[in-house]
There are 2 protein chains.
Amino acid sequence: MNLRRLAETLNLSQTTVSRALNGYSDVSEATRLRVQKAATLHNYRPSMRAKSLATGRAMTIGHIIPVTSRHEMVNPVFGDFIAGAGETYSAQGYDMLLKLVPDGDEERVYRDLKSRGTVDGIIIHGPRMDDSRIPLLKEIGLPFVVHGRASDVEDGYSWLDVNNKSAFERATKFLIDLGHTRIALINGLENMDFAHRRRNGYVHALSDAQITIDPTLMRSEEMTEVYGYRSTQELLALPAPPTAFLTSSMMVAIGVRRALEDTALKMGRDVSVITHDDDLSYLKNGEGVPIFTATRSSVRDAGRECADMLLKRIKDPTLPPFTRLLEVDLTLGRSTGPAPIKG
Amino acid sequence: MNLRRLAETLNLSQTTVSRALNGYSDVSEATRLRVQKAATLHNYRPSMRAKSLATGRAMTIGHIIPVTSRHEMVNPVFGDFIAGAGETYSAQGYDMLLKLVPDGDEERVYRDLKSRGTVDGIIIHGPRMDDSRIPLLKEIGLPFVVHGRASDVEDGYSWLDVNNKSAFERATKFLIDLGHTRIALINGLENMDFAHRRRNGYVHALSDAQITIDPTLMRSEEMTEVYGYRSTQELLALPAPPTAFLTSSMMVAIGVRRALEDTALKMGRDVSVITHDDDLSYLKNGEGVPIFTATRSSVRDAGRECADMLLKRIKDPTLPPFTRLLEVDLTLGRSTGPAPIKG
DNA sequence: GCGTGCATCCAAAGCGCTTTGGAAATTCCG
DNA sequence: CGGAATTTCCAAAGCGCTTTGGATGCACGC
């Protein structure tokens with residue numbers, strides 16, 4: 001059933017039926033009711049294709065996932081983020097388009113998206129420090145919101161970010177207060193902006209406490225369980241091993257724990273661990289008392305809010321960019337304790 | 001730049017330009033070249049909206065994720081599946097639409113998808129044993145492929161599934177051969193078809209070996225780390241605790257391991273663990289010798305192939321349904337060993 | 001020189017909706 | 001009671017593409 005046939009059935013013009021269904025005021029309540037009845041009766045749903053051609057809006061938001069040969073953004077965090085954003089979209093009648101884009105193809109894809117009109121806006125994932133996508137999107141005029149920030153890009157764009165620096169600064173300071181001085185940082189890839197900020201927070205806290213920075217205690221890779229495991233093994237094999245670990249994700253922390261359990265060291269007694277926790281639905285930080293002491297911030301909430309920001313800007317493009325900095329909770333778990341007394 | 005203006009620029013008709021760009025034979029090579037040059041010069045890309053209205057194809061595949069209040073399909077497995085499917089889509093010029101759908105809304109959404117023409121086909125995730133979506137989609141005539149199967153639905157639809165029954169039967173038999181008789185099954189939700197099949201395989205192997213089935217050794221919940229942990233604690237507290245665990249996912253197995261490490265029991269010596277491993281990119285089963293003995297099947301490959309099947313059926317709807325049963329590898333890791341001698 | 005066949009091109013209709021710019025009918029009010 | 005204002009409806013254009021059904025010109029063979 002399409003609009004024309006529905007209009008014929010009702011002995012009305014397409015115009016009237018369309019306006020009745022879309023809630024315009026220049027149609028009497030009586031006929032509006034008639035139209036609505038007939039629409040549900042005949043199971044009429046307007047064709048998205050035609051509608052978006054006529055209106056110029058796709059009612060679709062794009063999520064572009066960079067696919068490097070070696071590193072994937074399709075990670076556990078992404079799933080929860082999408083879930084959050086999806087809630088917002090469903091509530092407001094938007095669809096979500098997912099696109100995996102090989103590195104280097106990005107410019108072409110964004111321009112495509114704009115000129116082919118497949119989406120009304122996009123959300124940028126995993127910004128790097130100097131992310132070329134931001135000026136690019138500004139240039140081509142496609143509304144966007146960044147999940148994270150790009151340090152080297154001057155302002156003038158919308159973003160939502162966790163306060164990574166303060167989070168890791170607080171976590172580091174917490175470990176220092178417990179007496180730790182050799183603190184390892186098992187970070188994400190540091191060309192990622194968030195990882196860079198976390199390192200800054202870590203370094204800052206150490207400097208504040210007059211502790212010299214030891215580069216051998218810092219790692220930077222993609223955040224997998226195996227990476228956490230391997231790094232810990234290597235770090236523990238050092239002449240002066242760390243007594244505390246700061247990790248960038250639950251997944252990595254689980255790897256750290258696995259490595260510790262291969263040794264005689266007990267987590268929370270001999271070695272302390274703090275992780276950042278994205279509060280993923282299927283990977284909770286324990287029940288009751290958390291497994292790990294953690295800086296926590298729900299990535300699902302972030303998704304919901306990013307989507308919200310984007311839709312607002314699409315509705316009213318004259319609005320100035322939104323920015324939102326989320327502070328983390330530092331929740332105490334079983335994985336931290338005072339630094340062991342030197343033997 | 002749109003088709004009309006491009007045609008004007010070239011002093012050609014829209015027809016000719018369109019056909020030149022789409023590779024029809026009734027346009028001379030000379031003009032085709034001219035057209036292509038002009039198209040790239042002016043950065044012309046056909047509007048998806050107009051194109052899909054004209055052709056009736058959306059060039060988009062839908063992935064519907066059921067969202068129950070309590071259980072989420074946006075799980076770690078989903079991310080990798082999507083990544084695989086996305087590769088296929090990119091390669092063939094398709095887009096991917098993601099939709100989170102609250103339980104109960106499904107029928108409305110599928111009918112919507114069909115009549116609004118937003119997608120050309122969909123992939124069904126997480127089929128339950130008697131999944132109503134399958135007959136529904138057949139009725140409304142939207143092409144689809146099921147990732148998994150629905151036991152209670154008679155054939156006549158396309159699916160790709162892991163041989164869950166044989167996988168868990170083999171795994172159970174392997175444990176039995178090692179001398180284990182008290183084997184726990186920490187399964188996924190058993191209204192999910194795959195979980196039901198796994199249980200069948202488990203039960204079958206035990207029966208074959210004349211081992212009586214003990215319902216207290218079987219759990220069925222959503223597959224989280226915490227679930228694995230809690231289940232293991234409870235099972236170990238039994239008067240006659242199991243000596244081996246069979247789990248449905250790496251995540252659960254990690255929970256099992258955490259519970260074991262709270263005790264004096266050593267995995268692989270005192271207690272054996274086998275898990276199913278979906279071979280997720282960020283959650284590898286260790287490097288070198290696997291952490292867990294596991295039945296493995298790449299969910300990413302599954303995604304790639306599901307997408308392939310669907311696109312083939314969309315291109316030629318007269319084709320009979322495809323079905324594909326993937327056998328798993330049983331890879332030996334460090335988590336299994338002979339049953340401990342009874343003290 | 002004329003019908004045939006082929007290679008190129010094009011005008012116009014159509015996809016299913018929204019929206020503009022009235023027209024017709026009704027109400028209002030001095 | 002007549003003109004203005006208001007309400008209710010509609011014809012037709014337009015969104016940007018594809019596709020049908022020719023039209024045109026040219027070489028070919030007889």
Side-chain angles (χ1 to χ4, degrees), chain A residues 1-36 38-39 42-60 93 95 111-120 315, chain B residues 1-36 38-39 42-60 93 95 111-120 315:
Chain A
M1 175 59 74
N2 60 18
L3 189 65
R4 188 164 52 81
R5 289 210 293 145
L6 184 63
E8 280 166 8
T9 308
L10 286 160
N11 268 324
L12 286 170
S13 73
Q14 289 194 41
T15 308
T16 304
V17 176
S18 170
R19 312 212 93 190
L21 257 22
N22 289 317
Y24 282 71
S25 65
D26 65 348
V27 44
S28 74
E29 272 322 297
T31 58
R32 187 195 305 285
L33 241 65
R34 248 184 83 216
V35 171
Q36 278 166 346
H42 294 89
N43 249 303
Y44 169 74
R45 297 133 206 257
S47 148
M48 264 316 289
R49 299 178 189 140
K51 195 165 191 158
S52 73
L53 179 58
T55 59
R57 280 169 305 144
M59 297 302 283
T60 303
D95 282 331
R111 290 194 185 279
D112 241 63
L113 244 31
K114 168 71 177 183
S115 48
R116 314 182 60 149
T118 22
V119 302
D120 297 325
K315 258 158 217 156
Chain B
M1 176 57 76
N2 60 19
L3 188 65
R4 188 165 53 81
R5 289 209 295 144
L6 185 62
E8 280 166 8
T9 309
L10 286 160
N11 268 324
L12 286 170
S13 73
Q14 289 194 41
T15 309
T16 304
V17 176
S18 170
R19 313 212 95 194
L21 257 21
N22 289 316
Y24 282 71
S25 65
D26 65 349
V27 44
S28 74
E29 271 322 297
T31 58
R32 187 195 305 285
L33 240 66
R34 249 184 82 217
V35 170
Q36 278 166 346
H42 294 90
N43 249 304
Y44 169 73
R45 297 134 206 255
S47 147
M48 264 316 290
R49 299 179 189 138
K51 195 165 191 158
S52 73
L53 179 58
T55 58
R57 280 169 304 141
M59 296 304 283
T60 303
D95 283 331
R111 290 193 185 280
D112 241 62
L113 245 30
K114 167 72 176 183
S115 48
R116 314 183 60 148
T118 23
V119 302
D120 298 325
K315 259 158 216 157

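Naming: A, B, ... by sequence-line order, numbering from 1 per chain.
- If you measure from atom CG of Asn2(B) to atom P of dG14(D), you get 13 Å, rounded to the nearest angstrom.
- Taking a 4.0 Å limit (strictly below) on heavy-atom distances, residues 112-120 of chain B does not reach DNA chain D anywhere.
- Side-chain N or O atoms of Thr55(A) include one that pairs as donor or acceptor with a backbone N or O of Lys51(A) at under 3.5 Å.
- With the end axes of the helix from dG1(C)-dC30(D) to dG30(C)-dC1(D) each set by five pairs, the angle from one to the other reads 60° at 10° resolution.
- Under 4.0 angstrom from either OP1 or OP2 of dT18(C) there lies at least one side-chain N or O belonging to Lys51(A).
- Rounded to whole angstrom, the span from the CZ atom of Arg34(B) across to the P atom of dT8(C) amounts to 14 Å.
- The backbone N or O of Gly56(A) sits less than 3.5 Å from a side-chain atom of Arg49(B), completing a donor-acceptor pair.
- Going from atom CG of Leu12(A) over to atom P of dT8(D) covers 14 Å, rounded to whole Å.
- Scanning for side-chain hydrogen bond (donor to acceptor under 3.5 Å, both in side chains) contacts around Arg32(B) gives Glu29(B), with sequence neighbours left out.
- Side-chain N or O atoms of Ser18(B) include none that pairs as donor or acceptor with a backbone N or O of Gln14(B) at under 3.5 Å.
- Distance Arg5(B) CZ to dC15(D) P: 12 Å, rounded to the nearest Å.
- Judged as a side-chain hydrogen bond (donor to acceptor under 3.5 Å, both in side chains), and not counting sequence neighbours, the contacts of Ser13(B) are Thr16(B).
- Under the salt bridge (Lys or Arg N to Asp or Glu O under 4.0 Å) criterion, Asp26(B) pairs with Arg19(B), not counting sequence neighbours.
- For Ser13(A) and dC9(D), the shortest distance from a side-chain N or O to OP1 or OP2 is not below 4.0 Å.
- Taking atom CG of residue Leu21(B) and atom P of nucleotide dG16(D), one finds them 17 Å apart after rounding to whole Å.
- Residue Tyr24(A) places at least one side-chain N or O under 4.0 Å from the OP1 or OP2 atom of dT19(C).
- At a threshold of 4.5 Å between non-hydrogen side-chain atoms, the residues Met59(A) and Asp95(A) do not count as touching.
- Residues Val27(A) and Ala20(A) approach most closely at CG1-CA, 3.8 Å, considering heavy atoms.
- Listed by chain and residue number, Ser28(B) satisfy the side-chain hydrogen bond (donor to acceptor under 3.5 Å, both in side chains) test with Thr31(B) (two or more places apart in sequence, or in another chain).
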Show the atom names and distances, to 0.1 Å, of all donor-acceptor pairs under 3.5 Å that link a side chain in residues 4-11 of chain A to residues at least two apart or in another chain.
{"from": "Arg4(A)", "atom 1": "NH1", "to": "Glu8(A)", "atom 2": "OE2", "distance (Å)": "3.4"}
{"from": "Thr9(A)", "atom 1": "OG1", "to": "Arg5(A)", "atom 2": "O", "distance (Å)": "2.7"}

Quick one: which protein N/O atoms are closer than 3.5 Å to N/O atoms of nucleotides 24-27 of chain D? Pair and distance per line, please.
none

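- Two residues are said to be in side-chain contact when any heavy atoms from C-beta on lie closer than 4.5 Å; Arg45(A) and Lys114(B) fail this criterion.
- Taking side-chain N and O atoms only, Ser47(B) has no distance below 4.0 Å to OP1 or OP2 of dC15(D).
- Using a distance-only test at 3.5 Å, with no hydrogens or angles considered, no donor-acceptor pair links the side chain of Asp120(B) to the main chain of Arg57(B).
- Listed by residue number, Leu53(B), Ala54(B) are the residues of residues 52-60 of chain B with a heavy-atom contact under 4.0 Å to DNA chain C.
- Residues satisfying the side-chain hydrogen bond (donor to acceptor under 3.5 Å, both in side chains) criterion with Thr118(B), sequence neighbours excluded, are absent altogether.
- Phosphate contact (OP1/OP2 of dT18(D), side-chain N/O of Asn22(B), threshold under 4.0 Å): present.
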Each nucleotide N or O in nucleotides 20-26 of chain C that has a protein N or O under 3.5 Å away: list the pair and distance.
none

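- Side chains of Val17(A) and Tyr44(A) form no contact here, defined as non-hydrogen atoms less than 4.5 Å apart.
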Go through the steps for Arg34(B) and Leu12(B) under the test side chain to side chain contact (heavy atoms under 4.5 Å, CB included), then give the verdict. CA-CA 11 Å; Arg34(B) 249 184 82 217; Leu12(B) 286 170; 4.2 Å; yes
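- If you measure from atom CZ of Arg49(A) to atom C1' of dC17(C), you get 13 Å, rounded to the nearest angstrom.
- Nearer the 5' end of DNA chain C, as judged by each residue's closest nucleotide, is the contact made by Arg32(B), out of Arg32(B) and Ala50(B).
- Taking atom CG of residue Leu3(A) and atom P of nucleotide dT19(C), one finds them 12 Å apart after rounding to whole Å.
- The phosphate of dT8(D) (OP1 or OP2) has no side-chain N or O of Ser28(A) nearer than 4.0 angstrom.
- The minimum heavy-atom distance linking Ala58(A) with Ser52(A) is given by the pair CA-CB, 4.0 Å.
- For the atom pair CG of Leu113(A) and CE of Met48(B), the computed distance is 11.0 Å after rounding to the nearest 0.5 Å.
- Following rounding to the nearest Å, Arg45(B) (CZ) and dG16(D) (P) show an atom-to-atom distance of 16 Å.
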